[in-house]
Amino acid sequence: MPELPEVETVRRTLAPVVGATVTKVWHSGFPLHLNRPVDIRGLRRAAGAPFARIDRIGKFLLVYFDDRPELAVVHLGMSGRLRVFEPGAGEVPHTHVVWSLGDGRQVRYSDPRRFGFVGVARVGAEREHPSLADLGIDPLTDGLSGAALHELTRGSRQPLKVFLLDQRKVAGIGNIYAAEALWLARIRPTVRAHRLSARRAAALAAAIGSVLDHAITRGGTSLRDFVNATGNPGDYRKHLRVYDREGQPCPRRGCAGAIRRIVSQGRATFYCPRCQQY
DNA sequence: AGACAAACCTGTCTGC
DNA sequence: TGCAGACAGGTTTGTC
């Protein structure tokens, strides 16, 4: 489900809980990511403190609490949702963590597939958390220049689309936006990363920024599951140019090639063989 | 290094 | 209608 634009949309729509005090933290008892247990004792140390601010690095949300030395680290995996519920809201299946607030609202983390992650990191030492330690450049927060992307691609013989999914290089791009950015830059997903010229790297960096910005403007992409923290889906699906459009005509003006689906490193990969020639 | 498969899970859709 | 199988926005781990 969630890539950088969706996670950023969740971050922004969580704003209404900033300032509200956490009274209680509950956990279902189920393990999440990789069957690892949730540190519920750590999460409970937020009780008594108000939500301070919510940051994002790549696909991770960082939830801070006033005057607390620890923060919550949240990854939505494939099917995770972080939502604000008004007092008296009905139960949601597959709910795994609940922050109850003093005003009766709740912030709930639900995740049917349990591929997501909820953990605890130390304020000021966020990057010591194993999930955050190796994350690369965040295109939105840090800015991704053509020169930086070109430098990162040196020495990698991976297909460029596989390279873009590596969170240690660029953090936040997933299967949808890798395909969309490569289409916009007219670059074939199978091109080896080290073959990228400085000029093409600049075009790709710009395409990544453009696609992510546009998707955030539309509230992210909802293929089926994704909703933001207020329960609303994103609108970017109708702007997708190649993802999940196998056999359909390429939307590029004057192209009209047929979108092709291949499998790259086990993931569906969509591109136009006619206009993505580089 | 990198290519692959499997693993972690549930839900949904397709085809027979 | 029912059921098996494929597939899904992610990441880690192990093997070759």
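A, B, ... follow the sequence lines: proteins, then strands. Residue 1 opens every chain. Keep in mind it's a predicted model, so treat the numbers as computed, not measured.
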**Q** Regarding Ser156(A), tell me which of base, sugar-phosphate or nothing describes its non-hydrogen contacts under 4.0 Å with the strands shown.
**A**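 It contacts sugar-phosphate atoms only.
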
**Q** Can a donor-acceptor pair under 3.5 Å be found between the side-chain atoms of Arg113(A) and the base atoms of dA8(C)?
**A**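 Indeed there is one.
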
**Q** Could you list the residues that satisfy ring pair (Phe, Tyr, Trp, His ring centres under 6.0 Å) with Tyr64(A), not counting sequence neighbours?
**A** none

**Q** Rounding to a whole Å, what distance do you find between Asp225(A):CG and dA8(C):C1'?
**A** 8 Å

**Q** For Phe117(A), give me all partners under ring pair (Phe, Tyr, Trp, His ring centres under 6.0 Å), at least two apart in sequence or on another chain.
**A**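 Result, ring pair (Phe, Tyr, Trp, His ring centres under 6.0 Å) vs Phe117(A): His129(A).
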
**Q** Donor-acceptor pairs under 3.5 angstrom involving side-chain atoms of residues 150-165 of chain A: please list them, not counting sequence neighbours.
**A**
unit_1	atom_1	unit_2	atom_2	d
His150(A)	NE2	Arg154(A)	NH2	3.4
His150(A)	NE2	Leu196(A)	O	3.2
His150(A)	NE2	Ala198(A)	N	3.4
Thr153(A)	OG1	Leu149(A)	O	3.4
Thr153(A)	OG1	His150(A)	O	2.6
Arg154(A)	NE	His150(A)	O	3.1
Arg154(A)	NH1	His194(A)	O	3.2
Arg154(A)	NH2	His194(A)	O	3.4
Arg154(A)	NH2	Leu196(A)	O	2.6
Ser156(A)	OG	Gln158(A)	N	3.3
Lys161(A)	NZ	Asn175(A)	OD1	2.5
Lys161(A)	NZ	Ala268(A)	O	3.4
Lys161(A)	NZ	Thr269(A)	OG1	2.9

**Q** Whole angstrom is fine here: how far is it from CD1 in Ile57(A) over to P in dT11(C)?
**A**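 My rounded result for the distance is 14 Å.
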
**Q** Can you find a side chain N or O atom of Lys59(A) that sits less than 4.0 Å from OP1 or OP2 on dT11(C)?
**A** yes

**Q** Would you mind listing every ring pair (Phe, Tyr, Trp, His ring centres under 6.0 Å) that reaches into residues 23-48 of chain A, with sequence neighbours excluded?
**A**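 Counting only pairs at least two positions apart or across chains, the ring pair (Phe, Tyr, Trp, His ring centres under 6.0 Å) contacts touching residues 23-48 of chain A are Phe30(A)-His96(A).
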
**Q** Applying side chain to side chain contact (heavy atoms under 4.5 Å, CB included), run through Arg108(A) and Val98(A) and close with a yes or a no.
**A** CA-CA 4 Å; Arg108(A) 301 184 192 168; Val98(A) 177; 4.0 Å; yes

**Q** Could you pull out the protein-nucleic contacts involving nucleotides 13-16 of chain C (nitrogen or oxygen on both sides, under 3.5 Å)?
**A**
unit_1	atom_1	unit_2	atom_2	d
dT13(C)	OP1	Arg36(A)	NH2	3.0

**Q** What is the distance, rounded to the nearest whole Å, between atom NE2 of His75(A) and atom P of dG9(C)?
**A**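 So the two atoms are 14 Å apart, to the nearest Å.
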
**Q** Could you list where the contact with chain A starts and ends along DNA chain B, reading 5' to 3', using a 4.0 Å heavy-atom cut-off?
**A** dG2(B) to dC13(B)

**Q** In whole angstrom, what separates Glu3(A)'s CD from dT11(C)'s P?
**A** 9 Å

**Q** When we call it a touch if two heavy atoms are under 4.0 Å apart, what does Pro159(A) touch: a base, just sugar-phosphate, or nothing?
**A**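 Pro159(A): backbone/sugar contact only, no base atoms under 4.0 Å.
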
**Q** Hey, could you give me each pair passing ring pair (Phe, Tyr, Trp, His ring centres under 6.0 Å) that has a residue in residues 246-271 of chain A? Not counting sequence neighbours.
**A** Tyr243(A)-Phe270(A)

**Q** Quick check: on DNA chain B, is the nucleotide nearest Arg224(A) upstream (toward 5') of the one nearest Ser264(A), or the reverse? Name the residue that is more 5'.
**A** Ser264(A)

**Q** If I take atom CG in residue Leu165(A) and atom P in nucleotide dA8(C), what distance separates them, rounded to the nearest angstrom?
**A**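 It works out to 13 Å between those atoms.
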
**Q** Please classify the nucleic acid contact of Arg192(A) as base, sugar-phosphate, or nothing, using heavy-atom distances under 4.0 Å.
**A**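 Sugar-phosphate contact only.
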
**Q** In whole angstrom, give the distance that lies between atom CG of Asp166(A) and atom P of dG10(C).
**A** 13 Å

**Q** Can you list every salt bridge (charged side-chain N to carboxylate O under 4.0 Å, His left out) pair that touches residues 242-261 of chain A, not counting sequence neighbours?
**A** Arg237(A)-Asp244(A)

**Q** Please, which pairs that meet salt bridge (charged side-chain N to carboxylate O under 4.0 Å, His left out) have at least one residue in residues 14-37 of chain A, sequence neighbours excluded?
**A** none

**Q** State which residues pass ring pair (Phe, Tyr, Trp, His ring centres under 6.0 Å) with His239(A); sequence neighbours excluded, sorted by chain then number.
**A** His214(A), Tyr236(A)

**Q** So what does Gly266(A) hit on the nucleic acid, given a heavy-atom distance under 4.0 Å: a base, only sugar-phosphate, or nothing?
**A**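 Nothing, no nucleic acid heavy atom in range.
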
**Q** Defining pairs by Watson-Crick or G-U wobble geometry with both distances under 3.5 Å, how would you list the stems of DNA chain C with at least three pairs each?
**A** B:2-8 with C:10-16, B:10-16 with C:2-8

**Q** How many Å lie between CD on Gln265(A) and C1' on dG10(C), as a whole number?
**A**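 Rounded to the whole Å, the gap is 12 Å.
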
**Q** Would you say dG9(C) has OP1 or OP2 under 4.0 Å from some side-chain N or O of Tyr177(A)?
**A** no

**Q** Which residues pass the side chain to side chain contact (heavy atoms under 4.5 Å, CB included) test with Ser210(A), sequence neighbours left out?
**A** Leu184(A)

**Q** Do any side-chain nitrogens or oxygens of Gln167(A) fall under 4.0 Å of OP1 or OP2 in dG10(C)?
**A** no

**Q** Does the side chain of Arg267(A) get closer than 4.0 angstrom to OP1 or OP2 of dG9(C) through an N or O atom?
**A**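 The answer is yes; a side-chain N or O of Arg267(A) sits under 4.0 Å from OP1 or OP2.
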
